[in-house]
Amino acid sequence: MQKLLLPAYTAEYTFSTCISRIKDTNLKNRLSSIKETIVAAALDYEQAAGQNALYTIGASDTVNGVVTANEMSDVYDLRMAKKRGSGRHIYDKLISAPAHARCPLCGQGKVWTLDHHLPKKQYPGFAVTPANLVPSCQDCNKAKGSTVPSSPEDGTLHPYFDDIDTHRWLTAAVAETTPAAVLFNIARPAGWDDILFARVRNHFKVFNLASLYSGHAAEELANIRDYISSLHTSAGPEAVKQHLRDQADSREAARRNSWQTALYRALETSDWYCSGGFHLNADSVPGD
Ligand SMILES: [Zn+2]
């Protein structure tokens, strides 16, 4: 999970901009009448999210009984997400925030949309609130669907409010099979309380990260096999280990908890892999 800075656009500016070109007088008046509610709710949201308490915010199918969830959904779809919508520049700014356009939820997929952290159908008051709009890849957006946290433990991480990259928490282990495989898991750092650990595990599960990372790692193992095999033949297992350690260090300097960092760390610490586990044939692996 990648930390992102909270967007600089306020809820007030975003909502006002999105509704600025509405011509239907009745709709415009009703939307204008809920502006203060939207602004106050956004402040409550930021305070709650900062304390991992979004589960305490109640769902509703209207805002103030005046504007329906479908109408708020239209404000987002037609006036913020749609090309040439009056709030489209805000959408563009939010969606372009992640480095290398990587989805902050999985750290791998390409950003494709803005995910409503609290779904807009159940929480229409946050349909265009920037703090609730998180850049996301298609897979993560689908995987999360309209799930809603009901306790401190069962939400997913929020890239604007949670920062878990201060510790190494993503680990991998080499499965001694032919071909070798790599399995990913979470190592609980000292300093994580039970709730944070449960949330990270939930995040890992909801977005299928173990499976996603294992798939990419399998491809990476295939890509480096020829080079590792040549290095092993010419310089031996210690040279293989040193090379993989250098690769792990370089990746860790870029991103502490990427699947690539965890993969290379697992490979360099596996004597089995470094001394022949990279081979495709069971006949060639160590011990035979
Ligand atoms: Zn993703």
Side-chain angles (χ1 to χ4, degrees), residues 3-82 85-95 97 104 113-136 141 144-163 195 199:
K3 173 90 174 83
L4 294 176
L5 288 176
L6 188 63
Y9 287 110
T10 64
E12 181 173 19
Y13 171 78
T14 306
F15 183 68
S16 300
T17 304
C18 287
I19 68 170
S20 62
R21 288 193 219 143
I22 292 177
K23 295 198 170 63
D24 178 333
T25 310
N26 174 282
L27 177 62
K28 178 105 174 218
N29 286 342
R30 286 188 293 114
L31 285 165
S32 298
S33 78
I34 64 166
K35 187 163 133 181
E36 278 181 26
T37 301
I38 298 281
V39 172
L43 289 175
D44 290 346
Y45 182 104
E46 289 186 29
Q47 194 169 23
Q51 297 167 358
N52 181 34
L54 284 178
Y55 70 96
T56 61
I57 295 180
S60 172
D61 52 8
T62 71
V63 181
N64 287 359
V66 177
V67 175
T68 67
N70 281 340
E71 287 171 330
M72 282 304 294
S73 199
D74 282 350
V75 173
Y76 173 77
D77 290 337
L78 306 177
R79 307 187 178 278
M80 186 168 182
K82 193 174 179 179
S86 52
R88 175 67 190 207
H89 62 289
I90 306 168
Y91 178 96
D92 287 340
K93 185 78 179 170
L94 266 53
I95 206 168
T113 190
L114 292 178
D115 178 67
H116 287 78
H117 187 82
L118 291 182
K120 59 185 183 303
K121 291 285 182 203
Q122 293 106 305
Y123 300 89
F126 304 119
V128 296
T129 296
N132 190 45
L133 303 175
V134 177
S136 162
N141 183 247
K144 186 164 149 289
S146 55
T147 53
V148 170
S150 58
S151 71
E153 292 88 359
D154 80 352
T156 54
L157 296 166
H158 196 316
Y160 296 143
F161 297 95
D162 295 309
D163 184 6
I195 289 176
R199 288 178 70 214

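S32 pairs by the side chain to side chain contact (heavy atoms under 4.5 Å, CB included) definition with I19, K28, not counting sequence neighbours. Among residues two or more places apart in sequence or in another chain, the side chain to side chain donor-acceptor pair (under 3.5 Å) test is passed with R88 by D92. Checked against side chain to side chain contact (heavy atoms under 4.5 Å, CB included), A49 has the following partners two or more places apart in sequence or in another chain: Y45, L54, F161. For E153, the side chain to side chain contact (heavy atoms under 4.5 Å, CB included) criterion is met by S151, I195, A198, not counting sequence neighbours. Every residue two or more places apart in sequence or in another chain that forms a side chain to side chain donor-acceptor pair (under 3.5 Å) with D154 is listed here: S150. By the side chain to side chain donor-acceptor pair (under 3.5 Å) test, N26 is found to be paired with R30, residues two or more places apart in sequence or in another chain being considered. Contacts of D115 classified as side chain to side chain donor-acceptor pair (under 3.5 Å), with partners at least two apart in sequence or in another chain: N141, K144. Residues forming a ring pair (Phe, Tyr, Trp, His ring centres under 6.0 Å) with Y55 (at least two apart in sequence, or on another chain): none. By the side chain to side chain contact (heavy atoms under 4.5 Å, CB included) test, D163 pairs with K3, D165, T166, sequence neighbours left out.
Shown here for P149 and G155, the closest heavy-atom pair between the two residues is CB-CA, 3.8 Å. Annotation for R199 and T156: closest pair NH2-O, 3.6 Å, computed over non-hydrogen atoms.
Checked by atom type and distance alone, the side chain of D162 never pairs as donor or acceptor with a backbone atom of L157 at under 3.5 Å.
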Name the atoms and distances for all side-chain donor-acceptor pairs under 3.5 Å in residues 118-125, with sequence neighbours left out.
residue	atom	partner	partner atom	Å
K121	NZ	N70	OD1	3.0
Q122	NE2	S146	O	3.3

With a cut-off of 3.5 Å and sequence neighbours excluded, list every side-chain donor-acceptor pair involving residues 11-18.
residue	atom	partner	partner atom	Å
Y13	OH	H89	NE2	3.0
T14	OG1	T10	O	2.7
S16	OG	E12	O	2.8
S16	OG	K35	NZ	3.1
T17	OG1	Y13	O	2.6

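Separating the CD atom in E71 from the CG atom in L31 is a distance of 7.0 Å, to the nearest 0.5 Å. Summarising the geometry, atom CG belonging to L78 is positioned 12.5 Å from atom CZ belonging to R21; distances are rounded to the nearest 0.5 Å. Note that CD of Q51 and OG1 of T56 are 8.5 Å apart. Values are rounded to the nearest 0.5 Å.
L133 is listed as a side-chain neighbour of H116, based on a closest heavy-atom distance under 4.5 Å. Residues L114 and S136 are not in side-chain contact: their nearest non-hydrogen atoms beyond the backbone lie 4.5 Å or more apart. Between N64 and S33 there is no side-chain heavy-atom pair separated by less than 4.5 Å.
Here the two rings, on H117 and Y160, have centers that are 6.0 Å apart or farther.
Sequence neighbours left out, not one pair with a member in residues 45-65 passes salt bridge (charged side-chain N to carboxylate O under 4.0 Å, His left out).
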